[in-house]
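One structure is given below, encoded as structure tokens.
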Amino acid sequence: CSSDLPSPAGPAQDRVPLEPDSPRDRRQDNWAQGLQYRDLVLIASPGPNPETVKALMIAAMLHLDRKAGLAAVIVNGGGSVHERDNRAALARAILDHMGLREVPVGVGDPNNTKYDPSSHEYDFPGFARARAQAYESGNEVLRRVLRSAKDHSLAIVVLSALTDFARLVHNEEELCLRKIDLVSVMGGCAVHLPDEAGGEGPSRPSNRASQTRVSASDE
């Protein structure tokens, strides 16, 4: 990573507003102009879900392009400490490969949903080296990032289990209200579709993303 890049918590004057490179229509242009520079905390489980790996790479590119700051990555899931740490090592290897060695990776709750990975999921340059590292508690990383951030400057992006963010809010409610500006959550939503006979058929999962500004009036 070039030494002249701003840190995730860099000064406001170094921040570049998000603008579309080639807007397709007026609506897209208006949407992009409404965005602003934020420092991102990504909570995810790279490995079994290639979309999560893509999201991590996009966040890294936004950081490199100075359109956002990637403050930290928290990795959870896997059903065991071993598998969770595999996912953390993959995240570390990807960030290192892209030159973002300064972005911390923390490990969160492994949960109890067992997962047996395929061999290709961790076939990435530098994975073995990253797997040999010890990783800091995600809870400690989150607290440190929040404490060092400016007020209302953070966006929390949750692409996996909510456990670690829920624990942070429970233990550091006032800190979260003061530091977090935006929470984006991707989760499953049951969508009931009619069957061929016109009745209600089985539900199917549908990814939904919601963004909620954090304020003292939120319940």
Side-chain angles (χ1 to χ4, degrees), residues 1 7-9 39-60 62-63 68-149 154-173 175-176 179-180 183-188:
C1 181
S7 65
D39 296 321
L40 308 176
V41 175
L42 184 64
I43 302 177
S45 56
N49 190 338
E51 283 72 23
T52 301
V53 174
K54 295 174 187 176
L56 174 59
M57 296 176 71
I58 290 171
L62 288 172
H63 181 98
L70 184 55
V73 177
I74 308 301
V75 177
N76 57 23
S80 68
V81 170
H82 178 82
E83 177 57 21
R84 178 205 62 189
D85 289 355
N86 279 342
R87 298 177 179 191
L90 178 61
R92 179 75 274 158
I94 291 171
L95 291 172
D96 289 354
H97 188 73
M98 299 182 72
L100 297 182
R101 292 176 176 83
E102 77 277 12
V103 176
V105 174
V107 289
D109 188 272
N111 71 43
N112 56 6
T113 304
K114 190 176 185 299
Y115 180 79
D116 295 317
S118 300
S119 58
H120 72 273
E121 293 177 12
Y122 302 118
D123 186 11
F124 191 87
F127 173 78
R129 182 175 62 252
R131 188 62 179 84
Q133 298 182 25
Y135 291 92
E136 188 178 0
S137 161
N139 183 55
E140 292 304 315
V141 173
L142 287 169
R143 288 184 178 184
R144 185 171 69 249
V145 168
L146 262 68
R147 287 169 181 162
S148 63
L154 290 174
I156 309 296
V157 182
V158 186
L159 304 180
S160 55
L162 288 162
T163 308
D164 296 290
F165 182 55
R167 183 177 293 121
L168 175 70
V169 172
H170 181 267
N171 294 332
E172 301 285 355
E173 180 180 358
L175 187 63
C176 289
K179 301 291 187 170
I180 298 173
V183 176
S184 178
V185 177
M186 182 183 74

Nearest 0.5 Å, what's the [atom1]-[atom2] distance between [X] and [Y]?
X: I43; Y: T52; atom1: CD1; atom2: OG1; result: 12.5 Å
X: M57; Y: L95; atom1: CE; atom2: CG; result: 10.0 Å
X: I156; Y: L142; atom1: CD1; atom2: CG; result: 6.5 Å
X: K179; Y: L154; atom1: NZ; atom2: CG; result: 8.0 Å
X: L90; Y: S45; atom1: CG; atom2: OG; result: 10.5 Å
X: R143; Y: S148; atom1: CZ; atom2: OG; result: 14.0 Å

Please state whether the rings of F127 and Y122 are parallel, tilted or perpendicular, taking 30° and 60° as the class boundaries.
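Parallel: the ring planes of F127 and Y122 meet at under 30°.
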
Kindly give the heavy-atom pair with the smallest separation between [X] and [Y], and that separation in Å.
X: A88; Y: V75; answer: N-CG1, 3.6 Å
X: A71; Y: P104; answer: O-CD, 3.2 Å
X: L100; Y: A60; answer: CD1-CB, 3.5 Å
X: A130; Y: A93; answer: CB-N, 4.0 Å
X: N111; Y: G77; answer: ND2-CA, 3.3 Å
X: L70; Y: A59; answer: CD1-CB, 4.1 Å

Can you pull the salt bridge (charged side-chain N to carboxylate O under 4.0 Å, His left out) pairs that have at least one residue in residues 125-137, sequence neighbours excluded?
E136-R144

Among pairs that include at least one residue of residues 80-99, which meet salt bridge (charged side-chain N to carboxylate O under 4.0 Å, His left out), considering only residues two or more places apart or in two chains?
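Qualifying pairs, neighbours excluded: E83-R87, R92-D96.
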
Could you check whether any side-chain N or O of S118 sits under 3.5 Å from a backbone N or O of H120, counting only pairs where one atom can act as donor and the other as acceptor?
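Pair absent, no side-chain N/O of S118 close to backbone of H120.
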
Which donor-acceptor pairs under 3.5 Å do side chains of residues 163-170 form with protein atoms, sequence neighbours excluded?
unit_1 : atom_1 : unit_2 : atom_2 : d
D164   : OD1    : D109   : N      : 3.0
D164   : OD2    : N76    : ND2    : 2.9
D164   : OD2    : D109   : N      : 3.2

Would you please test E172 and R147 for side chain to side chain contact (heavy atoms under 4.5 Å, CB included) and show each step?
CA-CA 10 Å; E172 301 285 355; R147 287 169 181 162; 3.6 Å; yes

Using the side-chain contact (heavy atoms from CB on, under 4.5 Å) rule, pick out the option among V107, L42, V141 that qualifies with I74.
V141

